[in-house]
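Down below is the structure, laid out as structure tokens.
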Amino acid sequence: MSVPGPSSPVGVLTRPPDSLEAGEPTPGLSDTSPDEGLIEDLTVEDKAVEQLAEGLLSHYLPDLQRSKQALQELTQNQVVLLDTLEQEISKFKECHSMLDINALFAEAKHYHAKLVNIRKEMLMLHEKTSKLKKRALKLQQKRQKEELEREQQREKEFEREKQLTARPAKRT
């Protein structure tokens with residue numbers, strides 16, 4: 001991490017401005033200012049600037065390094081949280097799909113029950129139709145028997161009438 005060079009505090013001049021020469025009035029300052037010759041009297045040594053910079057760095061650098069480390073930890077924690085969140089989202093989607101699957105199974109169970117009922121009804125109807133067919137066959141056979149008996153009765157009556165009818169006697 002590069003640390004920018006020491007900057008002067010706001011409002012404090014570390015060296016005289018290039019445009020100001022000794023004896024020139026500072027723009028914006030009145031001639032009666034109590035700090036009137038301060039800029040001209042200020043001479044800064046390179047060693048003092050270096051020591052001030054080192055002091056400033058030694059004062060703020062540990063805090064900045066701790067802040068940097070804290071930010072890195074926060075970033076790592078954020079990455080872990082994002083991964084966890086993605087896993088939870090995938091679990092939620094899986095649960096949602098499980099709900100869909102459960103709904104499909106419930107629907108399949110419902111339709112299976114309907115099919116079982118339809119099958120029972122069809123078996124019952126088959127039994128009823130079989131019974132009806134047997135009954136119809138018995139009735140048909142009974143009618144045929146009755147008809148046959150009537151026909152035979154008619155023939156007997158016809159034969160009897162035939163025998164009862166007067167016949168001329170045979171002459172011998």
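Basis for what follows: all heavy atoms, side chains included, without hydrogens, waters or symmetry-related copies. None of these values were measured; they are calculated from a predicted model.
By the 6.0 Å contact criterion, CE on Met124 is enclosed, its count of non-hydrogen atoms from other residues, nucleotides or ligands being greater than 12.
For residues 79-88, the salt bridge (charged side-chain N to carboxylate O under 4.0 Å, His left out) pairs, not counting sequence neighbours, are Glu88-Lys91. Residue pairs that meet the side chain to side chain donor-acceptor pair (under 3.5 Å) test with at least one member in residues 134-154, sequence neighbours left out, are Glu151-Arg154.
The CG atom of Leu132 sits 10.0 Å away from atom CG of Leu139, with the distance rounded to the nearest 0.5 Å. The SG atom of Cys95 sits 11.0 Å away from the CD1 atom of Ile101 when rounded to the nearest 0.5 Å. Taking CD1 of Ile89 as the start and CG of Leu82 as the end, the distance is 9.5 Å to the nearest 0.5 Å. Of the inter-residue distances, the one linking Glu159 atom CD with Leu164 atom CG reads 11.0 Å to the nearest 0.5 angstrom. Note that NE2 of His112 is 7.0 Å distant from CG of Leu115, once rounded to the nearest 0.5 Å. To the nearest 0.5 angstrom, His96 atom NE2 is 5.0 Å from Asp100 atom CG.
Considering only heavy atoms from C-beta on, Leu104 comes within 4.5 Å of Glu107 through its side chain. Counting heavy atoms from C-beta outward, Lys68 and Leu64 have side chains that stay 4.5 Å or more apart.
By the rule that hydrophobic residues join a cluster once side-chain heavy atoms approach within less than 4.5 Å of another member, Met98 and Phe105 end up as members of one cluster.
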